[in-house]
Amino acid sequence: MRHLKQAFWLIILLPVFLWFLAEPAVFQSPSFFSLRKVIIQLTGIATLCYMSVVMVLALRPRWPEAWLGGLDKMYRLHKWLGITILLSAVIHWMWARGTKWAVDWGWITLSAGNGRGQEKNGDGLNTRYAANRLDRIMV
């Protein structure tokens, strides 16, 4: 059981740690929308890594079976990684869609931007689109 917990936390934390090493500007997010962009990228990459490990475990290889303590423990790791994938994917989806919904509902306001309808940090949210959308909702 000890090896199962170690393997689970290693699989969970290794992609996150490697992503933090590869992304130098992660702690320099000056605005909410740049932080949003970073969190969406982290959860997306981590979820893909977890899915890759789950697919390898679904092949039932022999090499982790002995270390984890049997095929039943490997199935348990597969199950808990699947639950983690679901949670990570929902967090990814909520950061991607929920922020746009919050702008549409008026809970978050966008900055004036650089005059071309984009926010200054270039995260891809169109402020003119959001403003037109809010005007249509309010009418």
Side-chain angles (χ1 to χ4, degrees):
M1 191 65 167
R2 184 178 58 113
H3 290 287
L4 182 66
K5 289 180 183 179
Q6 288 175 352
F8 177 76
W9 286 111
L10 178 71
I11 293 167
I12 296 300
L13 295 177
L14 185 65
V16 174
F17 177 72
L18 291 175
W19 182 83
F20 276 117
L21 287 178
E23 182 63 40
V26 69
F27 297 111
Q28 301 168 356
S29 301
S31 71
F32 175 77
F33 289 100
S34 59
L35 176 67
R36 171 187 171 265
K37 186 177 179 181
V38 166
I39 291 175
I40 289 171
Q41 184 183 26
L42 171 64
T43 55
I45 289 172
T47 303
L48 286 174
C49 290
Y50 305 154
M51 282 192 276
S52 300
V53 172
V54 166
M55 292 303 291
V56 169
L57 288 175
L59 294 173
R60 293 185 287 183
R62 296 230 181 242
W63 53 268
E65 188 177 331
W67 189 75
L68 290 172
L71 189 60
D72 60 331
K73 301 291 190 302
M74 201 163 74
Y75 282 150
R76 187 177 296 169
L77 179 61
H78 177 87
K79 177 184 90 169
W80 282 107
L81 283 174
I83 293 169
T84 304
I85 289 167
L86 178 66
L87 290 174
S88 179
V90 167
I91 291 169
H92 175 81
W93 179 75
M94 284 303 297
W95 273 95
R97 295 289 180 199
T99 307
K100 293 177 184 177
W101 293 337
V103 169
D104 286 345
W105 296 333
W107 295 351
I108 299 174
T109 58
L110 297 175
S111 65
N114 59 8
R116 294 181 303 187
Q118 297 289 330
E119 191 173 351
K120 289 180 183 175
N121 63 6
D123 64 4
L125 287 178
N126 192 334
T127 55
R128 288 186 189 153
Y129 173 75
N132 289 339
R133 192 83 199 253
L134 284 175
D135 290 340
R136 280 187 265 145
I137 292 171
M138 297 296 183
V139 172

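By convention here, the first residue in the shown sequence is residue 1.
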With sequence neighbours excluded, tell me which residues meet ring-ring contact (aromatic ring centres under 6.0 Å, His included) with Phe20. Phe27
Pairs in or reaching into residues 39-54: which pass side chain to side chain donor-acceptor pair (under 3.5 Å), with residues at least two apart or in two chains? Thr43-His92, Thr47-Ser88
Which residues share a ring-ring contact (aromatic ring centres under 6.0 Å, His included) with Trp93, sequence neighbours left out: Trp101
Report the distance from atom CG of Leu42 to atom NZ of Lys37, rounding to the nearest 0.5 Å. 14.5 Å
Counterpart residues, side chain to side chain donor-acceptor pair (under 3.5 Å), relative to Trp67 (two or more places apart): His3
Hey, does Phe33 have a side-chain heavy atom less than 4.5 Å from the side chain of Val103? yes
Shortest non-hydrogen separation from Tyr75 to Arg60 and the atoms involved: OH-CD, 3.2 Å
With sequence neighbours left out, the residues meeting side chain to side chain contact (heavy atoms under 4.5 Å, CB included) with Ala96 are Ile40
For Leu4 versus Leu68, what's the shortest heavy-atom pair and its separation? CA-CD2, 4.0 Å
Once you round to the nearest 0.5 Å, how far does CG of Leu77 lie from CG of Asp72? 11.5 Å
Applying side chain to side chain contact (heavy atoms under 4.5 Å, CB included) to Leu48 and not counting sequence neighbours gives Met51
Between Ile12 and Leu81, is any pair of side-chain heavy atoms under 4.5 Å apart? yes
Run the ring-ring contact (aromatic ring centres under 6.0 Å, His included) test against Trp19 and tell me which residues pass, sequence neighbours left out. none
So how far is it from Leu59 CG to Met74 CE, rounded to the nearest 0.5 Å? 9.0 Å
Between Ile11 and Thr84, is there a side-chain heavy-atom distance shorter than 4.5 Å? no
Set of residues satisfying side chain to side chain contact (heavy atoms under 4.5 Å, CB included) with respect to Phe17, sequence neighbours excluded: Leu21
ring-ring contact (aromatic ring centres under 6.0 Å, His included) with Trp9: which residues, sequence neighbours excluded? none
Transitive ILVMFWY cluster of Trp63 at side-chain heavy atoms under 4.5 Å: who else is in it? Val56
